[in-house]
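Throughout, a chain's letter reflects where its sequence line sits, starting with A, and its residues are numbered from 1.
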Amino acid sequence: MNPRVRMAPSPTGFLHIGGVRTFLFNWLFARQHGGECLLRIENTDTSREVAESVEQIQASLRWLGIDWDGPITFQLDAMERCKVVAERLVEEGKAYVDDGAIRFRMPDEGVTAWDDGVRGRIEFPNEQLEDLVLVRSDGRSTYNFASPFEDAEDEITHVIRGDDHISNTPKQIQILQALDAPLPVYAHAPNLLGDDGKKLSKRHGALSIEELRAAGYVAPALLNFLALLGWSYDDKTTIMSRDELIERFSLERVGSSPATLDYQKLDWMNGVYLRAMSPEDYGDALVTYLREQDSEWDAERVRQAAPLVQEKIERLGQFPEFAGFFFERPPIPGLDQQERSIVAAAKRALEALESWDAPAVDVRLRAMADADGLKPRDAFQPIRVAVTGSKVSPGLFESIELLGRDETLARLEAAAGAV
RNA sequence: GCCCCCAUCGACUAGCGGCCCAGGUCACGGCCCUUUCAAGGCCGUAGCGCGGGUUCGAAUCCCGCUGGGGGCACCA
């Protein structure tokens, strides 16, 4: 039997990094086993629904490359069927009407237990379970009823979710048993924590996928990073492609303890993915990213600048600050007397240059430094500042080549003459 | 308060009784390379929460404690 799982976001806002991690586990599991991965919007709480969020959720998943099978379903659409079943439970004596709502009768003795897919056996004393509302007095079903109901209806075989759902599980098991429905395997992955040790949530430090994308992270890096939060392949493998993740993922190797996000590691990993791209793909990624950010910089020029920055930045979002001088002339820097004379000398040296390319610039500038008895690092730094507007930049000679003769000389002259 | 879950370097983790005076990755420190910043190479600092057991032997099993997290809605 092929497994069938579901991703079940509530449409209360953007998809955030914690939610996606859980979805990723579902998706990897389904794809590995040739099963199905459904997308169900759990919108039974109409008061908290945020317009546009369903679109956003889909867009985020698509960008990440996480797909789903069949049409998206909405939990509220099962409302009528839930109500019919709830009424049947009332007739069978398993539920009762309470102030217009229908309430499920929980057993008050014994234990409800299951073998969790990641944690092993978990037991709850039934006396802890309170009779829960199945259908609100206004007719809408509640989450804890609709969710297991739909799991049964959709023949979900594995419920992979965050461990904040552990305490809902015995309730849902009781409902499923009352319905004579088979139980899925429940597997609770550890939640993600914020820096403060609290659970990550939309309103608690969790970045949305949209924000991460805007910061210049790329999807494969994000997937790789997220997969490693609570799961590991072995004792040394870190970088894994999407296909490798699908091949290697297993519930058995999902851990139990909550994880804290380390954005420094995410940055590093994103850099690994960025550097691994072909120059062409990297240029395309930059162009696409800048377009999304409403940049109007010339695409061709971005592609030309791309190889100069590929090894140097770890998020696409760093491009404007790092390479913006290719597109906009930076303010004239304030240099001291000695620095200005170096810049002036550089201008004279380059003016006479016949072929304007990086190797030639390199040779000429080194000769100039040598003639003036300067160490390369001392000579080049003022030139760098004059040309790029910053002490930190792509390679100086390559930058000068790309900037072109006229623009370079103009900047050198301006910096040399500035008081 | 009650119930449940969790507990290895600062972070993510490997470890499922001897292979571990604990391995990998990020971060951090040092060195090398070097036109800046990166990248890369080499080296290093740093951890099994505490207390009892069980065992010839425990990071690994059991109990307690402590600490952290989650849940206890006509929220999801």
- Counting heavy atoms from C-beta on, name the nucleotide in C3(B), U35(B), C6(B) closest to the side chain of Gln128(A). C3(B)
- Message: Side chain of Thr142(A) only, heavy atoms from C-beta on: which candidate in U36(B), U35(B), A76(B) is closest?
- Response: A76(B)
- Task: Ignoring backbone atoms, test whether Arg48(A) places a side-chain nitrogen or oxygen under 4.0 Å from the OP1 or OP2 oxygen of A76(B).
- Result: no
- Query: Atom CG of Asp235(A) to atom C1' of U8(B): distance rounded to whole Å?
  - Reply: 14 Å
- Message: Measure CG/Leu193(A) against C1'/G68(B) and give the value in whole Å, please.
- Response: 8 Å
- Message: Of the options A39(B), C74(B), U25(B), whose atoms approach the side-chain atoms of Thr238(A) most closely?
- Response: U25(B)
- Query: RNA chain B: Lys312(A) or Arg103(A), which has the more 5' nearest nucleotide?
  - Reply: Lys312(A)
- Pick the C1' atom in A73(B) and in G68(B), then give their distance to the nearest Å. 25 Å
- Within 45° cone and under 6.0 Å: Arg248(A) NZ/CZ vs Tyr233(A) ring: yes
- Task: Have a look at Glu311(A) and say if it touches a base, only the backbone sugar-phosphate, or nothing, with a 4.0 Å heavy-atom cut-off.
- Result: base
- Whole-Å distance separating the OH atom of Tyr186(A) from the P atom of C4(B): 19 Å
- Query: Rounding to the closest angstrom, what is the interatomic distance between U66(B) and C32(B) at atom C1'?
  - Reply: 47 Å
- U35(B) and A59(B): how far apart are their C1' atoms, nearest whole angstrom? 49 Å
- Note on the structure: Residues in residues 347-370 of chain A with a heavy atom under 4.0 Å of RNA chain B, by number, are Arg366(A)
- Query: Which part of the nucleic acid, if any, lies within contact of Arg253(A), taking any heavy atom under 4.0 Å across all strands shown: a base, the sugar-phosphate backbone alone, or nothing?
  - Reply: sugar-phosphate
- Item | Lys265(A) side-chain proximity, nearest of C4(B), C12(B), C37(B) | C12(B)
- Task: Write down the distance separating the C1' atoms in C63(B) and C56(B), rounded off to the nearest Å.
- Result: 23 Å
- Remember a base hit wins even if backbone is also touched, and classify Arg377(A) as base, sugar-phosphate or nothing at under 4.0 Å, heavy atoms. sugar-phosphate
- Check the side chains of Tyr217(A) and Asp267(A) for a donor-acceptor pair under 3.5 angstrom, ignoring hydrogens and angles. yes
- Please state how far atom CD in Glu314(A) lies from atom C1' in A39(B), giving the value in whole angstrom units. 11 Å
- Task: Using the P atom on both, measure C61(B) against C3(B) and round to a whole Å.
- Result: 24 Å
- Item | Test: Arg21(A) cationic atom under 6.0 Å from Phe25(A) six-membered ring centre, within 45° of axis | yes
- Task: Ignoring hydrogens and angles, state whether a donor on the side chain of Thr12(A) or Glu49(A) is under 3.5 Å from an acceptor on the partner side chain.
- Result: no
- Message: Applying a 4.0 Å non-hydrogen cut-off, can you work out what His165(A) is touching in the nucleic acid: base, sugar-phosphate, or nothing?
- Response: base
- Message: If I take atom CZ in residue Phe145(A) and atom C1' in nucleotide C75(B), what distance separates them, rounded to the nearest angstrom?
- Response: 17 Å
- Mind checking Leu396(A) for me? I need base, sugar-phosphate or nothing, with any heavy atom below 4.0 Å counting as a touch. base
- Using atom CZ of Phe325(A) as one end and atom P of U36(B) as the other, report the distance to the nearest whole Å. 15 Å
- Task: Give, ordered by number, those residues of residues 255-262 of chain A having at least one heavy-atom distance below 4.0 Å to an atom of RNA chain B; if nothing qualifies, reply none.
- Result: Ser256(A), Ser257(A), Pro258(A), Ala259(A), Thr260(A), Asp262(A)
- Item | Whole-Å distance separating the CD atom of Glu321(A) from the P atom of A38(B) | 13 Å
- Pick base, sugar-phosphate or nothing for Ser10(A), based on heavy-atom distances below 4.0 Å to the nucleic acid. sugar-phosphate
- Message: Run Asp116(A) and Trp114(A) through side chain to side chain donor-acceptor pair (under 3.5 Å) and show every step you take.
- Response: CA-CA 6 Å; Asp116(A) 197 273; Trp114(A) 72 96; 3.0 Å; yes
- Message: Nearest to the Glu130(A) side chain among C72(B), C37(B), U25(B), which nucleotide is it?
- Response: C72(B)
- Please measure how far the C1' atom in G23(B) lies from the corresponding atom in C16(B), and state the result in whole Å. 16 Å
- Query: Atom CG of Leu132(A) and atom P of A73(B): how far apart are they, to the nearest Å?
  - Reply: 10 Å
- Rounding to the closest angstrom, what is the interatomic distance between G18(B) and U54(B) at atom C1'? 16 Å
- Query: With respect to the phosphate group of C37(B), does any side-chain polar atom (N or O) of Ser393(A) fall under 4.0 Å of OP1 or OP2?
  - Reply: no
